[in-house]
Colleague: 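Can you keep this structure in mind? I'll have questions shortly.
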Number of protein chains: 2
Amino acid sequence: MTVTLADVAARAQVSPATVSRVLNGNYPVAASTRERVLKAVDDLEYVLNGPASALAAATSDLVGILVNDIADPFFGIMAGAIQSEIGGPGGRAGGERLAVVCNTGGSPERELTYLTLLQRQRAAAVVLTGGAIEDPVHLAAVGNKLRKLTEAGTRVVLCGRPPTPEAIAITFDNRGGGQLLTEHLIGLGHRRLGYIAGPEERTTTRHRLEGHRAALAAAGIEDDPRWTVYGRYDRLSGYEATLELLRRDPGITAVVAANDTVALGACAALRDSGLRIPDDVSVAGFDDLPFSIDAVPALTTVRLPLAEAGARAGRIAMGREEAPHGGIATVRGELMVRGSSGGPRGA
Amino acid sequence: MTVTLADVAARAQVSPATVSRVLNGNYPVAASTRERVLKAVDDLEYVLNGPASALAAATSDLVGILVNDIADPFFGIMAGAIQSEIGGPGGRAGGERLAVVCNTGGSPERELTYLTLLQRQRAAAVVLTGGAIEDPVHLAAVGNKLRKLTEAGTRVVLCGRPPTPEAIAITFDNRGGGQLLTEHLIGLGHRRLGYIAGPEERTTTRHRLEGHRAALAAAGIEDDPRWTVYGRYDRLSGYEATLELLRRDPGITAVVAANDTVALGACAALRDSGLRIPDDVSVAGFDDLPFSIDAVPALTTVRLPLAEAGARAGRIAMGREEAPHGGIATVRGELMVRGSSGGPRGA
DNA sequence: CATTGGATAGAAAGCGCTTGCTGTGACGCT
DNA sequence: AGCGTCACAGCAAGCGCTTTCTATCCAATG
């Protein structure tokens, strides 16, 4: 029924070994033989059996990419960039690799399960994106898995994740970015800044918030606890948190959001509350996703080089680029000042 | 070095066959034996060898998802929904499956290569999303591949793609949606409507445009060829096409875009041209992606139930839902009237 | 002309798992 | 008591490929 290597070998009048070598191209095969084999492959429409060759060769051409939410462009952009570099069809690399994008939904258990699944498939490499969860138990479990994977020959790279001892990391300077943003707002004259944070247990959330607070501290502004609201990384969360901030202190003149999506929710809440942006309240986001420039007014935010970071992580995962010195590369964000931020009301 | 089934068997004092049966749970094993085996698995931190079992069982637990652009939420949303249904970790289904998201970038060759790669992996199922390319040669090649896959036991489902004889299809009524949208605009009094189409060779482009023209025809409006510009499904394309439309006929009072992303570009171009939306020119999108509601004014568009369609496709692919009658289910879009559309200038 | 060695091709031993078929006791039936 | 029936467990034959080692051929060398 299905065509096997042996069938091709028979048709080309060579041994299976030779066919295998033609297909893998890592052993001298006479040109005439090669052609005969290739012709037979073509005639028979032969398709290699992936599992069988993975078993025999003890490696597969699968590359895992773990993301929190595939529907979020933040992850989509990174995943796309990683994939373009791992040498799938159309990529520049040699062998044809299959990217396995795994959607963890931010759940620690799923993250672990997916890592096990990838280990089971003997993945060639794994790239984990997005912030980590700061639960020591989970962190240890992930670390353990990553070590196992590495030992089994799987290359592990973190992209936009805090570094761990177990893997090479391309990490974003969320702290610095947060600081930049808040400094900008303070520079405009703002003194009462609301902050909409992400989920409390995520590293990304903490780092961005730390940057924000560092900027406040540097300017000698006391951070009123009422000015910080935790939420999720989605639009609705931004909407609700903004209403909450307004309730707690109607006097805030700026809202800093955990990311652009949250910022859009904040804008909507402000508008619905009859406030103008930036005349009454300034808004800032984070990430500079493509849609941020289309908000009205366009969002002031911190641009993260998502595609570049993903591409680099992909190349490192494929061994086509050297790992950064010390195994860690920190990528800075760039402040994008746009229409959503301005001087405070009455300034 | 690596732990194998045999090691587990030895430790649990049973045969490898028994271990395999415990792990697959499709053969009676005494409770006491099972426990012993499970304990051994745990002690040894055994991880099944995916390729080996795929080879032996002649099926894998990989499910392919083909998308045009993973960074585009349109595809991200569908991919996420499909994945949540195929029973990966956290999904409701039984076995743990790995979703392989393949980014074709809209390229026909890559599409074919990925299908071959999935065939090679003996994927359990494949879901193709997004519009197809209307090149007969390519269509035939894809059809051929799909037939091969089906014959090999891979379930093939199309999601948001025009039906083909080779597969079950959940398809969007792009034509009807396009018509709805333009009817709405005509109803508001518009008579000079610019249309920014997607790439000319895509089915989605053609269907939406056909709907638009049908609405025009029904209202007795002659479609001036100058009013249609082809482009890509991205923001820049919308921006440039809008300027082009304005150049060709400054008198247009509405712009219908191929999708929401294009519509945002159109809005930007109009704004940059000093035109107000919808006072001077109305704008309409398509898809109702999450950001569309955050545009200012919010985008009038056609909502496509991306997540529902994806979920359904996923369930069908997993054999957990019956295929629709005749193998084709058509999903309609819903007109979402929002702020970006209004009566024409001077009405 | 015998010898050496490079270039190819083949034989065969697995890779680690699944599964059809074959035991083997224990149980219940007549 | 005798025998068919179950419920489990094990044996062993692959699944289709890779790769080491070996065999062969032929040109080049002394």
Side-chain angles (χ1 to χ4, degrees), chain A residues 1-38 40-41 44-62 95-96 117 119-124 152-153, chain B residues 1-38 40-41 44-62 95-96 117 119-124 152-153:
Chain A
M1 179 61 232
T2 53
V3 183
T4 70
L5 238 210
D7 299 332
V8 176
R11 183 170 238 267
Q13 317 231 54
V14 296
S15 74
T18 302
V19 178
S20 171
R21 300 205 257 247
V22 168
L23 262 25
N24 293 299
N26 47 17
Y27 190 89
V29 173
S32 62
T33 314
R34 171 194 316 284
E35 260 177 54
R36 210 142 31 88
V37 170
L38 256 20
V41 166
L44 266 31
E45 297 196 294
Y46 171 67
V47 174
L48 195 65
N49 183 316
S53 64
L55 172 59
T59 47
S60 82
D61 44 11
L62 258 38
E96 275 163 355
L117 242 34
Q119 181 184 2
R120 175 179 297 185
Q121 298 296 336
R122 306 297 187 257
Chain B
M1 180 60 233
T2 53
V3 183
T4 71
L5 239 210
D7 299 331
V8 176
R11 184 169 237 268
Q13 316 231 51
V14 296
S15 74
T18 302
V19 177
S20 171
R21 284 167 183 147
V22 168
L23 262 25
N24 292 298
N26 47 17
Y27 191 87
V29 174
S32 63
T33 314
R34 171 193 315 284
E35 262 178 52
R36 211 143 29 88
V37 170
L38 255 22
V41 166
L44 266 32
E45 296 195 293
Y46 171 67
V47 175
L48 194 66
N49 183 316
S53 65
L55 172 58
T59 48
S60 82
D61 43 11
L62 258 38
E96 274 164 353
L117 243 32
Q119 180 184 2
R120 174 178 298 186
Q121 297 298 335
R122 305 299 187 256

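A note on names: the letters A, B, ... follow the listed sequences, proteins ahead of strands, and every chain is numbered from 1. Hydrogens, waters and symmetry mates play no part in the numbers below; they use all other heavy atoms, side chains included.
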Colleague: Just do the side chain to side chain contact (heavy atoms under 4.5 Å, CB included) check on A:L23 and A:V41 with the steps written out, would you?
Modeller: CA-CA 9 Å; A:L23 262 25; A:V41 166; 4.2 Å; yes
Colleague: Measure CD/A:Q121 against P/C:dC15 and give the value in whole Å, please.
Modeller: 20 Å
Colleague: Report the distance from atom CZ of A:R21 to atom P of D:dT22, rounded to the nearest whole Å.
Modeller: 14 Å
Colleague: Looking for any heavy atom pair under 4.0 Å, which part of the strands does A:V29 touch: base, sugar-phosphate only, or nothing?
Modeller: sugar-phosphate
Colleague: In whole Å, what is the span from the CZ atom of A:R36 to the C1' atom of C:dT8?
Modeller: 12 Å
Colleague: For B:D61 and C:dT18, what is the distance between atoms CG and C1' respectively, to the nearest whole Å?
Modeller: 14 Å
Colleague: Expressed in angstrom and rounded to an integer, what is the separation of B:R34 atom CZ from D:dA9 atom P?
Modeller: 9 Å
Colleague: Please report the distance, rounded to the nearest Å, between CD in A:Q13 and C1' in C:dG10.
Modeller: 14 Å
Colleague: What is the distance, rounded to the nearest whole Å, between atom CG of B:L55 and atom C1' of C:dG16?
Modeller: 9 Å
Colleague: Please check the phosphate of C:dG16 (OP1 and OP2 only) for any side-chain N or O of B:T4 closer than 4.0 Å.
Modeller: no
Colleague: As a test of reading the structure: which of D:dT18, C:dT19, D:dG14 is closest to the side chain of A:L48, going by heavy atoms?
Modeller: D:dT18
Colleague: Name the residue closer to the 5' end of DNA chain D, choosing between A:T18 and B:S15 according to the nucleotide with the nearest heavy atom.
Modeller: B:S15
Colleague: Tell me whether the OP1 or OP2 atom of D:dG16 has a side-chain N or O from A:S53 closer than 4.0 Å.
Modeller: no
Colleague: Is it the case that the side chain of B:S60 and the backbone of B:Q121 share a donor-acceptor pair, with hydrogens and angles ignored and the cut-off at 3.5 Å?
Modeller: yes
Colleague: Do A:L62 and B:L62 come within less than 4.5 Å of each other through their side chains, counting heavy atoms only?
Modeller: yes
Colleague: Any base atoms under 4.0 Å from A:A30, or only sugar-phosphate, or nothing? Heavy atoms, all strands.
Modeller: sugar-phosphate
Colleague: Please report the distance, rounded to the nearest Å, between CZ in B:R122 and P in D:dC15.
Modeller: 13 Å
Colleague: Hey, mind stepping through A:L38 and A:V22 against side chain to side chain contact (heavy atoms under 4.5 Å, CB included) and telling me if it holds?
Modeller: CA-CA 8 Å; A:L38 256 20; A:V22 168; 3.5 Å; yes
Colleague: Would a distance-only check, ignoring hydrogens and angles, find a side-chain to backbone donor-acceptor pair under 3.5 Å from B:R36 to B:A12?
Modeller: yes
Colleague: Within less than 4.0 Å of OP1 or OP2 of C:dC15, is there a side-chain N or O belonging to B:N49?
Modeller: no
Colleague: Looking at A:S20, does any N or O in its side chain come under 4.0 Å of the phosphate oxygens OP1/OP2 on D:dT19?
Modeller: no
Colleague: Checking only heavy atoms, does the side chain of B:Y27 share a donor-acceptor pair with the base of D:dA9 at less than 3.5 Å?
Modeller: yes
